[in-house]
Amino acid sequence: MAAARYDLPDVDTFTRPYWDAAADGRLLIRRCGACGKAHHYPREFCPFCWSEDVVWEPASGRATLYTWSVVHRNDLPPFGERVPYTAAVVDLDEGPRMMTEVVDCPEAELRIGMPLQVAFRAADEGPAVAVFAPADEGAGPA
């Protein structure tokens with residue numbers, strides 16, 4: 001019997017546009033038509049004003065590092081095979097905070113406020129997942 005996977009999100013009818021965009025290398029967020037605020041994780045209503053007038057919109061993929069923790073031990077499959085890894089919270093340029101992972105960056109180079117750019121980790125099974133890497137110096141808009 002295969003071990004349970006704790007890294008694969010549930011994909012349903014509502015979140016399908018998000019995961020389809022991720023498979024194409026695009027990050028989506030939700031924006032409220034009533035109050036104009038963006039939010040993430042995807043919800044069918046605005047968490048600020050409770051309006052149901054929310055739509056998907058492309059995010060720039062740019063973010064800054066808010067906080068992080070380097071995980072050295074995780075017994076849940078398949079995370080144990082990935083240690084150490086950097087669990088992080090980033091501030092998307094559009095406003096929302098997002099839980100994620102920082103990749104391609106040694107622990108000693110991590111800095112609060114460092115610019116990041118979205119990348120996508122393809123899964124063996126299941127959807128691609130947004131992760132973030134250091135932004136290229138001098139990189140223009142995505």
Side-chain angles (χ1 to χ4, degrees), residues 1-51 54-142:
M1 181 175 178
R5 295 284 302 262
Y6 296 94
D7 64 328
L8 299 177
D10 290 329
V11 177
D12 58 23
T13 303
F14 170 68
T15 61
R16 169 98 26 222
Y18 177 85
W19 299 114
D20 288 348
D24 291 337
R26 297 179 297 116
L27 180 63
L28 296 182
I29 57 174
R30 300 280 282 176
R31 185 167 303 274
C32 178
C35 72
K37 292 184 180 179
H39 62 271
H40 186 82
Y41 65 91
R43 286 164 269 204
E44 295 187 52
F45 61 89
C46 175
F48 302 104
C49 73
W50 298 90
S51 171
V54 289
V55 296
W56 294 104
E57 79 173 30
S60 68
R62 293 183 302 268
T64 56
L65 184 58
Y66 176 75
T67 191
W68 78 90
S69 179
V70 178
V71 178
H72 294 276
R73 179 181 172 135
N74 188 332
D75 295 331
L76 296 174
F79 298 107
E81 301 164 6
R82 296 182 188 159
V83 292
Y85 61 89
T86 303
V89 177
V90 301
D91 288 328
L92 300 175
D93 277 9
E94 292 78 13
R97 279 205 172 126
M98 180 177 178
M99 293 183 67
T100 187
E101 181 180 345
V102 174
V103 297
D104 301 330
C105 185
E107 179 179 357
E109 294 179 19
L110 294 166
R111 299 283 182 268
I112 297 297
M114 72 183 294
L116 302 169
Q117 182 67 40
V118 73
F120 291 89
R121 175 188 296 130
D124 296 338
E125 48 187 271
V129 176
V131 295
F132 284 79
D136 293 333
E137 294 298 322

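Predicted model only: the values in this text are computed from it and were never measured.
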Sorted by chain and residue number, the side chain to side chain contact (heavy atoms under 4.5 Å, CB included) partners of V55 (sequence neighbours excluded) come out as none
### Message
Counting C-beta onward and ignoring hydrogens, is there a side-chain heavy-atom pair between W19 and L28 closer than 4.5 Å?
### Response
no
Q) How about L116 and T64: do any of their side-chain heavy atoms sit closer than 4.5 Å? A) no
Contacts satisfying salt bridge (charged side-chain N to carboxylate O under 4.0 Å, His left out) that involve residues 100-119 (not counting sequence neighbours) are E101-R121
Quick note, ring-ring contact (aromatic ring centres under 6.0 Å, His included) partners involving residues 54-77, not counting sequence neighbours, are F14-W56
Side chain to side chain donor-acceptor pair (under 3.5 Å) filter on Y85, not counting sequence neighbours, yields N74
Report yes if the side chains of S69 and T86 come closer than 4.5 Å at any heavy-atom pair, otherwise no. no
Output a table of donor-acceptor pairs, distance under 3.5 Å, between side-chain atoms of residues 90-100 and any protein atom two or more places apart or on a different chain; print 'none' if there are none.
{"unit_1": "D91", "atom_1": "OD1", "unit_2": "R97", "atom_2": "NE", "d": "2.6"}
{"unit_1": "D93", "atom_1": "OD2", "unit_2": "R62", "atom_2": "NE", "d": "3.1"}
{"unit_1": "E94", "atom_1": "OE2", "unit_2": "S60", "atom_2": "N", "d": "2.6"}
{"unit_1": "E94", "atom_1": "OE2", "unit_2": "S60", "atom_2": "OG", "d": "3.1"}
{"unit_1": "T100", "atom_1": "OG1", "unit_2": "A130", "atom_2": "O", "d": "3.2"}

In the structure I gave you, are the side-chain heavy atoms of Y18 and I29 within less than 4.5 Å of one another anywhere?
no
Sorted by chain and number, sequence neighbours left out, ring-ring contact (aromatic ring centres under 6.0 Å, His included) with F45 holds for W50
Taking every heavy atom of V83 against every heavy atom of G80, the minimum-distance pair comes out as CG2-O, 3.3 Å
Here the gap from I112 atom CD1 to T67 atom OG1, rounded to the nearest 0.5 Å, amounts to 5.0 Å
A34 meets the side chain to side chain contact (heavy atoms under 4.5 Å, CB included) criterion, sequence neighbours left out, with C32, C49, S51
L110 and C105 have their tightest heavy-atom pair at CD2-SG, 3.8 Å
In short, side-chain hydrogen bond (donor to acceptor under 3.5 Å, both in side chains) pairs touching residues 22-44 with sequence neighbours left out are R31-E57
So do C46 and C35 actually touch side chain to side chain, heavy atoms under 4.5 Å?
-> yes
Those residues at least two apart in sequence (or on a different chain) that pass side chain to side chain donor-acceptor pair (under 3.5 Å) with D10 are none
